[in-house]
There are 2 protein chains.
Amino acid sequence: MPGKTDLSRLNCSLARALGAVGDWWTLLIVRDAMFGVKRFSDFQHSLGIARNILSSRLARLIEADILARQGTEARPLYVLTAKGRALLPALVALMQWGDAWQSDGKPPVVVTDTAGRAIKPLGVRSPSGASLDSAGVRFAPGPGADKRTRAFFKARDVADSD
Amino acid sequence: MPGKTDLSRLNCSLARALGAVGDWWTLLIVRDAMFGVKRFSDFQHSLGIARNILSSRLARLIEADILARQGTEARPLYVLTAKGRALLPALVALMQWGDAWQSDGKPPVVVTDTAGRAIKPLGVRSPSGASLDSAGVRFAPGPGADKRTRAFFKARDVADSD
DNA sequence: GTCGCAAAGTTTCATTTTGAAACTTATCGA
DNA sequence: TCGATAAGTTTCAAAATGAAACTTTGCGAC
């Protein structure tokens, strides 16, 4: 009975994203790949992850087209695809949240541009560029919303007077 | 032997963040809380999650100060704290990645400002505001980096000529 | 006040996943 | 050629998961 629930029944891009990267080892592997790690044993050493788990996760990341194998068959290099590299904002946003809320105030890792200047905090922005917090944001059914999603948000509109 | 690895040995804010929100149910619960869901049974219905798992995750989110219980003891409301709301950029970034790479091109959920205008894609930005992709970004030891982290990045500098 | 239904969990049970560590095979460099 | 390392695979036992039954409490209708 147990095993990973099939999240595809949830009509939601977040669920789809999490189907691919919704466990911590996967995101940590992507992090290390962003840092330039490429070899099995280097991932294993830097993460302290069990080798069977690493092997399984690498296979999944390849299956999901987030990582690709290069180099030789016997000495593979695992490199991010464009799809994998596109996870950078999410990864950095999570790091910044960790810096802000789960730390002692001193970030262990800084993210900079190529000139070494620290990047800005990621934020949600309106079309005019204004920074939005959760109070300034709305969620609504989009073009791919199914009936259930639409009903859900309709119910939310009603419930907003809670 | 098994059980969740203690990620605190990893000197990294991402790992710290993932210690709190590194499983898919947790992030999906936070998503629903962002959407305005507050009641146990509403979370359970919208997510289709097993009730014991939901109960366990809600408790963890409260322990981590991401959610707080309000309302009555018998009829609690689960609401995001400031710390929880600060996960918005990460959540939206993951959603946008899912929209871009794990979908059929039609987002089921759109994120807008209060005037209903779709927000911009989140991105990593330099201090001058320029958008950076993974090639334009560097990672370096920060003020909280330990010896291992510094050695790791030093090794990366050497390995960059791979 | 009573009753029925729903809410908010808790418990049970069996399967799957995880993590430690041993094991295996192939490759590379001395 | 040999030894060390890389890249996994396998084994085993504990932990986590998910389905579903069960329990207790509260609320609203009558």
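Just so we're on the same page: letters track the sequence lines, and every chain starts at 1. Keep in mind that this is a model prediction, so the values were computed, not measured.
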Would you say A/Y78 places a side-chain N or O within less than 4.0 Å of OP1 or OP2 belonging to D/dA6?
no

Using atom NE2 of A/H45 as one end and atom P of D/dG8 as the other, report the distance to the nearest whole Å.
14 Å

Is there a side-chain polar atom (N or O) of A/W25 under 4.0 Å from OP1 or OP2 of C/dG19?
yes

Going by salt bridge (charged side-chain N to carboxylate O under 4.0 Å, His left out), name the residues that satisfy it together with A/E73, two or more places apart in sequence or in a different chain.
A/R69

So ring pair (Phe, Tyr, Trp, His ring centres under 6.0 Å) across residues 54-85 of chain A, not counting sequence neighbours, yields none

The side chain to side chain donor-acceptor pair (under 3.5 Å) partners of A/S46 (sequence neighbours excluded) come to A/D32

Between C1' on C/dG19 and CG on B/L10, what's the gap in Å once rounded to a whole number?
15 Å

Just by distance, with hydrogens left out, do B/S55 and B/N52 show a side-chain donor and acceptor under 3.5 Å apart?
no

Report the residues that fulfil ring pair (Phe, Tyr, Trp, His ring centres under 6.0 Å) with B/F139, sequence neighbours left out, ordered by chain and then residue number.
A/F35

Between atom CD in B/Q44 and atom P in D/dA20, what is the gap in whole Å?
12 Å

Output the rounded distance in Å from CG (B/D23) to P (D/dA15).
18 Å

Rounded to the Å, how far apart are A/L28 CG and C/dG19 C1'?
15 Å

List for me each residue that meets salt bridge (charged side-chain N to carboxylate O under 4.0 Å, His left out) alongside B/D113, sequence neighbours excluded, and say none if there are none.
B/R117

Should B/V110 and B/V37 be counted in the same cluster of Ile, Leu, Val, Met, Phe, Trp and Tyr side chains packed under 4.5 Å apart?
no

Contact check, residues 46-56 of chain B vs DNA chain D, heavy-atom distance under 4.0 Å, returns B/A50, B/R51, B/N52, B/I53

Which residues, if any, of residues 61-76 of chain A bring a heavy atom under 4.0 Å of DNA chain D?
A/R69, A/A74, A/R75, A/P76

In this structure, how many angstroms lie between the P atom of D/dA15 and the CG atom of B/D6, rounded?
15 Å

Between D/dA7, D/dT17, C/dA8, which one does the side chain of B/F40 approach most closely?
C/dA8

Let me know the distance between CG of A/L77 and P of D/dA6, rounded to the nearest Å.
13 Å

Going by the rule ring pair (Phe, Tyr, Trp, His ring centres under 6.0 Å), which residues pair with B/F43 if we only count those two or more places apart in sequence or in a different chain?
none

Within the structure shown, what part of the strands sits under 4.0 Å from B/F43 by heavy-atom distance: base, sugar-phosphate, or nothing?
nothing

Take the C1' atoms of the five end pairs on each side of the helix from C/dG1-D/dC30 to C/dA30-D/dT1, derive the two axes, and give their angle rounded to 10 degrees.
30°

With A/R57 via salt bridge (charged side-chain N to carboxylate O under 4.0 Å, His left out) - residues at least two apart:
A/D23

Kindly write out the residues that satisfy side chain to side chain donor-acceptor pair (under 3.5 Å) with B/T72, not counting sequence neighbours, or none if the list is empty.
none

Please tabulate, for the side chains in residues 79-86 of chain A, all donor-acceptor contacts under 3.5 angstrom to protein atoms that are two or more places apart in sequence or on a different chain.
| unit_1 | atom_1 | unit_2 | atom_2 | d |
| --- | --- | --- | --- | --- |
| A/T81 | OG1 | A/D65 | O | 2.6 |
| A/T81 | OG1 | A/I66 | O | 3.1 |
| A/T81 | OG1 | A/K83 | N | 3.3 |
| A/T81 | OG1 | A/G84 | N | 3.0 |
| A/K83 | NZ | A/A64 | O | 2.8 |
| A/K83 | NZ | B/Q102 | OE1 | 2.6 |
| A/R85 | NH1 | A/L80 | O | 3.1 |

